Amino acid sequence: METTKVKKRIFLSSPHMSDEGYEMQYVKEAFETNWIAPLGENVNGFERELAEKVGSKAAAALSSGTAAIHLALKAAGVRKGDIVFCPTLTFSATANPIIYQNAIPVFIDSDYETWNMSSKALEEAFEKYPEVKAVLVVHLYGLSADMDKIMEICKKHNVAVIEDAAESLGTYYKGKHTGTFGDYGIFSFNGNKIITTSGGGMLVSNNEERIAKTRFWATQSRDQARHYQHSELGFNYRMSNVVAGIGRGQLKVLDQRVAQKNYIYEFYKRELGELEGVEFMPGNEWNEPNYWLSAMVLTGTVRPIDVMEALEQENIESRPVWKPMHMQPFFEKYDYVGEGVSEKLFENGICLPSDTKMTDEDLERVVKIIKGLWLK
């Protein structure tokens, strides 16, 4: 009986442990010292090392980026009925914590220059909702939002800014790390992120007192008493010492991962950028992206679904651009301010395989399949 050989799988973005085995050194230490708990030297070390890496005064290691956004909203004083501005072009994990706080999201459109929050739409939203409590900014696919414009608007209205930098660890805006412009910044270490702990997140801020408070909330708000006493609502959000050990090892290779993501993006842009109807995610002189995912928009006869299906047939993973939140069944009842840019990016966008373990041979295989669609 003849068997069909399965072609090598190419992932969109999968975990990539260091060749040096840095992660195992820290994990082994956690096991040897029996610190298999949501506290320990790896947790403290990961907080300290990541804060130092991005240039923030303090950090809290948490169970996910979503948990970090939730506690950032709480730290910013967001309560029931408060309005929070949120980009519509993002993953639902950005918006869900607004609902956890019983607050009301108002979704803000993107612009073509950054694919992130439009400062024009943000201004319009402030005119409509001057009582807004906080603004959530996202750095999509590792592209930074135009933070000078956004911060200027938010400072004028005296509103808290939270940066969802889940996808942009290692990205710079005018020489400064994303996640460090607002009052709070969050990073994600989910399995598909540029560095991973399998699952986890980090909340950073220059307000050390607020970070200490979020650590308290994240450990069930247990008061300092001999018995178990709780004066505030708590959460089980603290990162484990084992997971934090993986993070400490991964942090050592962050710069290598950013360099490889940039290489992948430049390869695709060079090979595919001249095809009719192809435009790659935008670059700006002030933006040094980590290019977590390489994405492009297609406006010609070849559509994103054609590319996705062609790659799928060859065991290669790709994805559409995020479906805007205001188009999602759960969120469609909430207001949206914009001119349809996010819908166009979703309709025409595709994320190409951007796995840092990809070889030149893998990249050439992807490019050849895609180019073939223009020859039909």
Side-chain angles (χ1 to χ4, degrees), residues 64-74 76 78 80-126 128-129 132-146 150 153-154 159-168 178 182 184-188 190 192-193 201 281 292-293 295 297 304 319-351:
S64 67
T66 312
I69 294 173
H70 186 193
L71 294 188
L73 288 166
K74 187 172 168 64
V78 172
K80 185 177 181 178
D82 285 340
I83 289 169
V84 177
F85 293 160
C86 175
T88 190
L89 192 65
T90 186
F91 180 50
S92 65
T94 307
N96 286 337
I98 301 171
I99 308 299
Y100 301 166
Q101 283 300 99
N102 294 304
I104 302 163
V106 171
F107 294 111
I108 312 296
D109 202 6
S110 304
D111 59 41
Y112 288 119
E113 290 72 34
T114 66
W115 284 20
N116 286 302
M117 183 180 277
S118 160
S119 55
K120 180 174 178 286
L122 180 62
E123 285 272 33
E124 289 172 12
F126 270 113
K128 195 172 182 181
Y129 299 99
V132 62
K133 188 75 176 182
V135 175
L136 253 169
V137 181
V138 173
H139 303 293
L140 196 74
Y141 301 134
L143 301 173
S144 80
D146 192 348
I150 289 168
I153 295 165
C154 291
V159 67
V161 177
I162 299 164
E163 286 178 81
D164 179 352
E167 301 172 7
S168 69
T178 53
Y184 303 95
I186 77 99
F187 298 101
S188 169
N190 193 30
N192 63 2
K193 294 302 185 291
M281 56 210 294
W292 171 57
L293 293 183
V297 290
R319 294 274 175 86
V321 164
W322 298 123
K323 183 178 182 180
M325 290 298 101
H326 73 278
M327 297 172 69
Q328 300 283 354
F330 181 80
F331 290 109
E332 62 187 4
K333 64 185 174 185
Y334 297 103
D335 199 8
Y336 157 70
V337 179
E339 299 175 343
V341 173
S342 55
E343 290 100 317
K344 287 291 184 187
L345 290 171
F346 166 61
E347 180 188 337
N348 296 313
I350 177 172
C351 297

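Quick caveat, the model's predicted, so the values are computed rather than measured.
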**Asked** When rounded to the nearest 0.5 angstrom, what is the spacing between CD1 in Ile350 and CZ in Arg319?
**Response** 11.5 Å
**Prompt:** What closest approach, in Å, do Tyr184 and Ala72 show between heavy atoms, and which atom pair accounts for it?
**Reply:** CB-CB, 4.0 Å
**Asked** At their closest point, which heavy atom of His139 faces which heavy atom of Ala145, and how far apart are they?
**Response** ND1-N, 3.0 Å
**Item:** All pairs passing salt bridge (Lys or Arg N to Asp or Glu O under 4.0 Å) where residues 99-117 contributes a residue, at least two apart
**Value:** none
**Request:** Give every residue pair that meets the salt bridge (Lys or Arg N to Asp or Glu O under 4.0 Å) criterion with at least one member in residues 325-338, sequence neighbours excluded.
**Result:** Lys128-Asp335
**Request:** Output all residues satisfying side-chain hydrogen bond (donor to acceptor under 3.5 Å, both in side chains) with Thr90, sequence neighbours left out; order by chain, then residue number.
**Result:** Thr94
**Asked** Do Val84 and Val78 touch side chain to side chain, with heavy atoms closer than 4.5 Å?
**Response** yes
**Request:** List for me each residue that meets side chain to side chain contact (heavy atoms under 4.5 Å, CB included) alongside Ile104, sequence neighbours excluded, and say none if there are none.
**Result:** Ile83, Tyr334
**Asked** How many angstroms lie between CD in Glu167 and OG in Ser144, if you round to the nearest 0.5 Å?
**Response** 13.0 Å
**Message:** Working note: Gln101 + Lys80, criterion side-chain contact (heavy atoms from CB on, under 4.5 Å); need CA distance, chi angles, decisive distance, verdict.
**Reply:** CA-CA 6 Å; Gln101 283 300 99; Lys80 185 177 181 178; over 6 Å; no
**Complete:** d(Ser110 OG, Leu89 CG) to nearest 0.5 Å is 4.0 Å
**Message:** Just to verify, what does Phe91 make a ring pair (Phe, Tyr, Trp, His ring centres under 6.0 Å) with, not counting sequence neighbours?
**Reply:** Trp322
**Request:** Report the C-alpha distance between Ile98 and Cys86 in whole Å, list the side-chain angles of each, state the deciding distance to 0.1 Å, and finish with yes or no for side-chain contact (heavy atoms from CB on, under 4.5 Å).
**Result:** CA-CA 9 Å; Ile98 301 171; Cys86 175; 3.9 Å; yes
**Message:** I need the minimum non-hydrogen distance between Asn96 and Phe331, along with the two atoms involved.
**Reply:** OD1-CZ, 3.3 Å
**Prompt:** Got a sec, which residues hit side chain to side chain contact (heavy atoms under 4.5 Å, CB included) with Ala68, two or more places apart in sequence or on another chain?
**Reply:** Leu62, Ile186, Leu203
**Prompt:** Side chain of Thr88, backbone of Met325: donor and acceptor closer than 3.5 Å?
**Reply:** yes
**Prompt:** Is the backbone N or O of Lys323 less than 3.5 Å from a side-chain atom of Gln328, with the two atoms forming a donor-acceptor pair by type?
**Reply:** yes
**Prompt:** Can you list the residues that meet the side-chain hydrogen bond (donor to acceptor under 3.5 Å, both in side chains) rule with Lys344, with sequence neighbours excluded?
**Reply:** none
**Request:** Kindly compute the distance separating CG (Leu122) from CE (Met117), expressed to the nearest 0.5 Å.
**Result:** 5.5 Å
**Prompt:** If only atom types and distance count, is the side chain of Asn116 paired as donor or acceptor with the main-chain N or O of Thr114 below 3.5 Å?
**Reply:** yes
**side-chain hydrogen bond (donor to acceptor under 3.5 Å, both in side chains) partners for Trp292, two or more places apart** = none
**Request:** With sequence neighbours excluded, tell me which residues meet ring pair (Phe, Tyr, Trp, His ring centres under 6.0 Å) with Tyr336.
**Result:** His326
**Item:** Closest contact, heavy atoms only, Gly349 versus Val297
**Value:** CA-CG1, 4.0 Å
**Side chains of Pro105 and Ile99 in contact at under 4.5 Å (non-hydrogen atoms)** = yes
**Request:** Test side-chain contact (heavy atoms from CB on, under 4.5 Å) on Tyr112 and Leu345 and set out the steps.
**Result:** CA-CA 8 Å; Tyr112 288 119; Leu345 290 171; 4.2 Å; yes
**Sub-4.5 Å side-chain heavy-atom contact between Val341 and Ser118** = no
**Complete:** When every non-hydrogen atom of Tyr141 is compared with those of Pro320, the smallest separation belongs to OH-O, 4.2 Å
**Asked** Considering residues at least two apart in sequence or located in another chain, which fulfil the side-chain hydrogen bond (donor to acceptor under 3.5 Å, both in side chains) criterion with Ser168?
**Response** Thr178
**Complete:** Residues passing the ring pair (Phe, Tyr, Trp, His ring centres under 6.0 Å) test with Tyr100, sequence neighbours excluded, are His70
**Request:** Go through the structure and list residues passing side chain to side chain contact (heavy atoms under 4.5 Å, CB included) with Ala125, not counting sequence neighbours.
**Result:** Phe85, Ile108, Val337
**Message:** To the nearest 0.5 Å, what is the distance between CE on Met327 and CD on Glu343?
**Reply:** 6.0 Å
**Request:** Of all the heavy-atom pairs spanning Phe126 and Val159, show the shortest one and how long it is.
**Result:** CZ-CG1, 3.6 Å
**Asked** Hey, are the side chains of Pro324 and Phe107 touching, using non-hydrogen atoms and a 4.5 Å cut-off?
**Response** no
